[in-house]
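One structure is given below, encoded as structure tokens.
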Amino acid sequence: MARIHNFSSGPAALPLAVLEQAQAELLDMSGSGMSVMEMSHRSREFQSILDGAESGIRRLMRIPEDYAVLFLHGGASLQFAMVPMNLRRPGRSADYVDTGSWSRKAIKEGDVTGSVHVAWSGKSEGYSRTPKPGELKLMPDAEYVHICSNETIGGVRWKDFPEVATTLVADISSDILSRTIDVGRFGLLYAGAQKNLGPSGIGLVVIRKDLAQRAPESVPIFFRYSTHIADGSLYNTPNTWGVYLIQRTCAWAESMGGVEALEKINKKKAAMLYAMIDRSGFFRSHVERESRSITNIVWRLPSEALEEKFVAEAKLAGMVGLKGHRSVGGIRASIYNAISQEAVQVLASFMEEFERTNG
Ligand code: PMP
């Protein structure tokens with residue numbers, strides 16, 4: 001069996017141990033004689049998987065008791081819509097910080113159902129950093145402040161989260177379980193699962209329970225957080241396969257020592273690649289050091305032709321997923337929890353050799 005080094009941004013590599021376990025359990029899940037995909041979502045067996053996924057996430061992220069954990073359809077993008085529908089009451093506005101592509105998508109969706117105020121934008125500087133303390137122009141009466149903790153495309157991340165007087169909301173799709181996050185500082189956190197948790201098409205929401213009561217009557221029942229809290233993520237048939245893989249991935253993350261241990265490894269992995277970028281002018285990062293992502297490392301080469309050559313030769317060397325997002329070009333290595341230090345070392349050595357022969 002040849003497993004490739006997969007540096008894709010998402011759907012992304014999952015831990016081999018989780019895939020092997022899923023393979024072994026595919027025909028007979030825990031003696032049930034069926035796979036999890038064939039099992040009633042109302043069965044005792046599935047309920048215990050769902051409970052296990054929730055308690056795994058709760059332990060790993062140290063989620064306080066007054067927060068609900070939800071597994072919903074629609075990935076992270078549905079949350080771009082659900083957050084303003086639920087948290088922004090009629091006639092009120094919300095602050096959004098624009099640090100790149102994913103912030104912009106959240107802003108665009110927020111704009112559809114009400115008033116959005118952009119409290120800071122990195123656009124004029126080519127999205128090279130997060131704002132410094134004092135730069136945010138927050139509205140005194142905003143319902144919440146929305147940030148994207150890590151811009152998957154631009155490789156920009158909030159190293160320290162902003163202090164705000166109102167509810168802080170974050171899209172943590174591309175650094176969930178990669179770094180420690182003090183959940184108590186946020187009213188709501190959400191993530192698509194396909195980077196660090198499991199397959200695509202499922203979204204995780206962590207919400208302080210009192211906030212779920214804010215939704216106006218005009219919000220359709222399905223789009224209310226309160227609906228899904230009341231039914232324990234079983235209002236309708238959930239993505240049972242997704243929940244199962246999240247449960248198994250959480251168990252794997254705990255076996256690795258939890259988020260603190262994984263974060264240490266992730267920082268080492270990122271440092272290996274940034275060291276390659278910083279040692280010469282051949283590779284260039286547009287991101288300021290303080291704002292550099294530890295999960296999505298983005299860089300450019302002297303020309304697009306060299307970038308194409310880099311991606312093609314990397315593929316021959318057993319590495320895929322390195323082409324930067326179509327909107328920004330360049331190279332991007334996504335190095336979530338399932339990517340080992342050894343895999344990153346292979347990439348770093350390849351970079352060194354590529355620079356030697358093409359620099
Ligand atoms: N936010 C971020 C930071 C992302 O990286 C992505 C997907 N790459 C999304 C939102 C959208 O996620 P989904 O496709 O699950 O809706």
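In listed order, ligands and their atoms are each counted from 1. Note that the structure is a prediction, hence the values are computed from the model and not measured.
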Once you measure the plane-to-plane angle for Tyr190 and His146, does it fall in the parallel (<30°), tilted (30-60°) or perpendicular (>60°) bin? tilted
Counting distance only, does the side-chain N/O of Thr227 pair as donor-acceptor with the main-chain N or O of Ile221 below 3.5 Å? yes
Geometry only, no angles: is Lys195 polar-contacting ligand 1 at N/O separations under 3.5 Å? yes
Just how far is it from atom CD1 of Ile172 to atom CZ of Phe161, taken to the nearest 0.5 Å? 8.0 Å
How far is atom 1 (N) of ligand 1 from the closest protein heavy atom, and which atom is that? Asp171 OD2, 2.6 Å
For ligand 1, which atoms have a heavy atom of Ser173 less than 4.0 angstrom away? 1 (N), 2 (C), 3 (C), 4 (C), 10 (C)
Element-labelled atoms of ligand 1 that are located less than 4.0 Å from some non-hydrogen atom of Thr152: 2 (C), 3 (C), 4 (C), 5 (O)
Numbered in order shown, the ligand 1 atoms found under 4.0 Å of a heavy atom of Gln194 are 12 (O), 13 (P), 14 (O), 15 (O)
Please walk me through it: do Tyr96 and Tyr144 pass ring pair (Phe, Tyr, Trp, His ring centres under 6.0 Å)? CA-CA 8 Å; Tyr96 279 71; Tyr144 60 87; 5.8 Å; yes
Any idea how Phe222 and Tyr235 line up, ring-wise: parallel (<30°), tilted (30 to 60°), or perpendicular (>60°)? tilted
Out of curiosity, does Met39 fall in the hydrophobic cluster containing Ile246 (side-chain heavy atoms, cut-off under 4.5 Å, transitive links)? yes
Closest protein heavy atom to atom 16 (O) of ligand 1, given as residue, atom name and distance to 0.1 Å: Ser77 OG, 2.6 Å
Heavy-atom nearest option to atom 12 (O) of ligand 1, drawn from Ala76, Ser149, Pro11: Ala76
